[in-house]
Amino acid sequence: MTPDTLLRRINDYTNRADPYPLYAELRENGVVRQDDGAYLVGTYYEIAALLHDPRVSSDQRSRKDPDPAFTQDGLTPAFIRLDDPEHDRLRRLAMRPFGPPHSPGRIDALHGDITRIAEELIDAFPDKGRIDLVDDFAYPLPITVISRLMGVPHEDVPRVRAWTNAVIAGFDPTPGQDPERRRQEARQARIAMGRYLGGLAEERRSHPTADLLSALANDDGPEGRLTPEELMSTAVLLLIAGHETTVNLITNGMLTLLRHPEALERLRADPGLMPGAVEELLRFEPPVQYLPQRSPLTDIEVAGVTVPRGAPLILVLAAGNRDPRRFEDPDRFDPLRKDNQHLGFGSGIHICYGAPLARIEAQIALNALLRRLDDARLAEDPPPYRRSPILRGPRHLPVERDATGTTG
Ligand code: HEM
C-alpha cells in the first residue's frame, strides 16, 4: 500500500484498536501528501513547530476547499477555529472566569465535588459481574462536572448528551451512512445547544449565580464582554470539549493500566504517582489523535516538502507522541517517564484551555478506581471502540469482578 492512502487507513474503523503501526509508517515517510490533496505530519518536532507557526491557520475559511461541516454549522465560529487576534480576544474572555490570573481558585475548588461524584458512581457498581467503565463511570463523571461548572441543570444533562453526540458525528471523517444528513443533524444540534445555553445565560443576567455561564454573561474585562452570538458558540465549545475528551482519557487510562498490571500495582500502592502517570497516558494513548483543521496561509516548507496555501494540513499528535527522535523507547508505557513534553493537549496558541480540569478529573477518577476496584479484569481486549479516529477511545470498557465487593 502506498502512503497516499494513509489517512484513509487511519480512518478505517478496522484499525481503530491499534493505529500505531500506521503512525510509524507515517513518521518513516516524512510529510505525506494524500490523494485528496491533504498533507499529513506525524513527526514530533515538525508538529510542534507548526503548532507555533503564525503562518498556519485554524480557520476553515483559509482553506481552498472549506469543509461545510465546519463553515455551515449554524453558529459563529468558536475560538478553537479562529486565528489571532480574534482567537486571543475570545480565549482571554473565556479564561477570565475559569483560571488564573482572574479566577485562580476555580478548578482547585472542584476537587471535593469531583471526588464525591466519582465515589458515588463507584458506590452504584454491582458487587460482582460485569461493569461498563464507560457508561457507568467515565462518561457520567466529566459531563456532570462540566455541566455543574457551567451551570447547566442536572435534569438537562441528557439533552446535552444527545446534542453532543449529534455534533461530534457531524465532523466524524469516516464515511458512514448519509454524511449529508449527519451534517444537517449536527448543525441543528449546535443551533439548539447554542440557543439553550444562550437562554440560560440570559436568565443569569438578571439573576447571577456562581457558575461559568453567569460569569460569561456578566463579567466585563478590558476588552469588553462577549456578544450574545460569541457567548453561544463559546459555551457550546466549552461544554463539548469539556467532557468528550476527558471520557477517553479515563477509559484509555484504565484500559492501559489493566494491560500493565505492574504499573497498576505501583500506582495503587502510591497514588502520589498518578499525576505523572496521567501525563504518560496523554502521551501514550492521547484522546485527541489528530488535529484535522489546520491549513497554511501561504506556501510553507515542512521537512523539505512544500505544503501549498489553503491545503488541509493534518497534524497527527498521537504519531508525534511516539516519535523515537523525541521519546526514548516510545512504545513503552512508563508512568515514571521523565521529560514528558507530550502533544496530548496540543501546543502553541490553541493549547488546551481545559487541561488543568482534565488533569485533576483523570487523576481523581483513576485513583478512585484503583483504590476501590481491586479485583477487576478486562472482559474484552481490545474493547469495542467509538467510531471517531480523531476523538479515539473505547465505546464500552467491560470489566469483570469476582464476588469480593467494592472496597471503601
Ligand atoms: C483529556 C482531556 C482533554 C484533551 C486530551 C484535550 C485536548 C485538546 C487539544 C489537543 C486541543 C488543541 C486543539 C487545536 O490546537 O486545534 C484542545 C483545545 C481546547 N480544549 Fe481541550 N482537551 C481536553 C479537555 C478539555 C476540557 C476539560 C475543556 C474545557 C473545560 C477543554 C477545552 C478546550 C478548548 C476551549 C480548546 C480550544 C483552545 C483554543 O483554541 O485556544 N478541553 N484540547
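Atoms within each ligand, like the ligands themselves, are counted from 1 in listed order. These values consider heavy atoms only, across backbone and side chains, with no hydrogens, waters or symmetry-generated copies.
Only the side chain of Leu291 comes within 4.0 Å of ligand 1, counting heavy atoms alone; its backbone N, CA, C and O stay farther away. Heavy atoms of Ile146 found under 4.0 angstrom from ligand 1 belong exclusively to the side chain. Neither the backbone nor the side chain of Leu343 comes within contact range of ligand 1; no heavy atom lies under 4.0 Å. With a heavy-atom cut-off of 4.0 Å, Gln293 does not touch ligand 1 at all. For His350, heavy-atom contacts with ligand 1 shorter than 4.0 Å involve the backbone as well as the side chain. The side chain of His87, and not its backbone, has at least one atom closer than 4.0 Å to an atom of ligand 1 (non-hydrogen atoms only; side chain from C-beta on). Contact annotation: for Leu249 versus ligand 1, heavy atoms closer than 4.0 Å belong to the side chain alone.
Both the sub-6.0 Å distance and the 45° axial angle are satisfied by Arg322 relative to the ring of Phe284.
For His243 and Tyr139, the gap between ring centers is short of 6.0 Å. Taking the six-membered ring wherever Trp is involved, the centroid distance between the rings of Phe327 and Tyr44 falls below 6.0 Å.
Counting the atoms of ligand 1 from 1 in the order shown, those under 4.0 Å from a heavy atom of Pro287 are 5 (C). Near Leu238, meaning under 4.0 Å from any of its heavy atoms, are these atoms of ligand 1: 35 (C). Within ligand 1, counting atoms from 1 as listed, the ones closer than 4.0 Å to a heavy atom of Gly344 are 5 (C), 7 (C), 10 (C). Interface atoms of ligand 1 facing Leu237, defined by a heavy-atom separation under 4.0 Å, are 35 (C). The distance from ligand 1 to the heavy atoms of Ile349 drops below 4.0 Å at these ligand atoms: 41 (O).
Atom 38 (C) of ligand 1 has as its closest protein heavy atom Arg91 NH1, 3.3 Å. Among all protein heavy atoms, the one lying closest to atom 16 (O) of ligand 1 is Arg294 NH1, 2.8 Å.
For the atom pair Thr251 OG1 and Glu285 CD, the distance stands at 9.5 Å (nearest 0.5 Å).
Residues Asn321 and His342 bring no donor and acceptor atom of their side chains to less than 3.5 Å of each other. No donor-acceptor contact under 3.5 angstrom links the side chains of Asp59 and Ser62, judged on distance only. A side-chain N or O of Ser347 and one of His52 form a donor-acceptor pair less than 3.5 Å apart. A donor-acceptor pair shorter than 3.5 Å can be found between the side chains of Ser58 and Arg294. With hydrogens and angles left out, the side-chain atoms of Asn252 and Arg392 include no donor and acceptor closer than 3.5 Å.
Smallest separation of non-hydrogen atoms from Val278 and Gln363: CG2-CG, 3.8 Å. In this structure, Ser295 and Gly310 approach most closely via the heavy-atom pair CB-C, 4.1 Å.
Remark: distances from the non-hydrogen atoms of Arg359 to ligand 1 are all 4.0 Å or more. Between Leu149 and ligand 1 there is no heavy-atom distance shorter than 4.0 Å.
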Run the side chain to side chain donor-acceptor pair (under 3.5 Å) check on Thr76 and Ser233 step by step: do they pass?
CA-CA 6 Å; Thr76 56; Ser233 42; 3.1 Å; yes
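Among the atoms of Thr246, none of the N or O lies under 3.5 angstrom from an N or O of ligand 1.
Under 2.8 Å from atom 21 (Fe) of ligand 1, one finds the following protein N/O/S atoms: Cys352 SG.
Between Tyr23 and Tyr20, the two ring planes are perpendicular [angle over 60°; tilted spans 30° to 60°].
Residues passing the side-chain contact (heavy atoms from CB on, under 4.5 Å) test with Ala162: none are found, sequence neighbours excluded.
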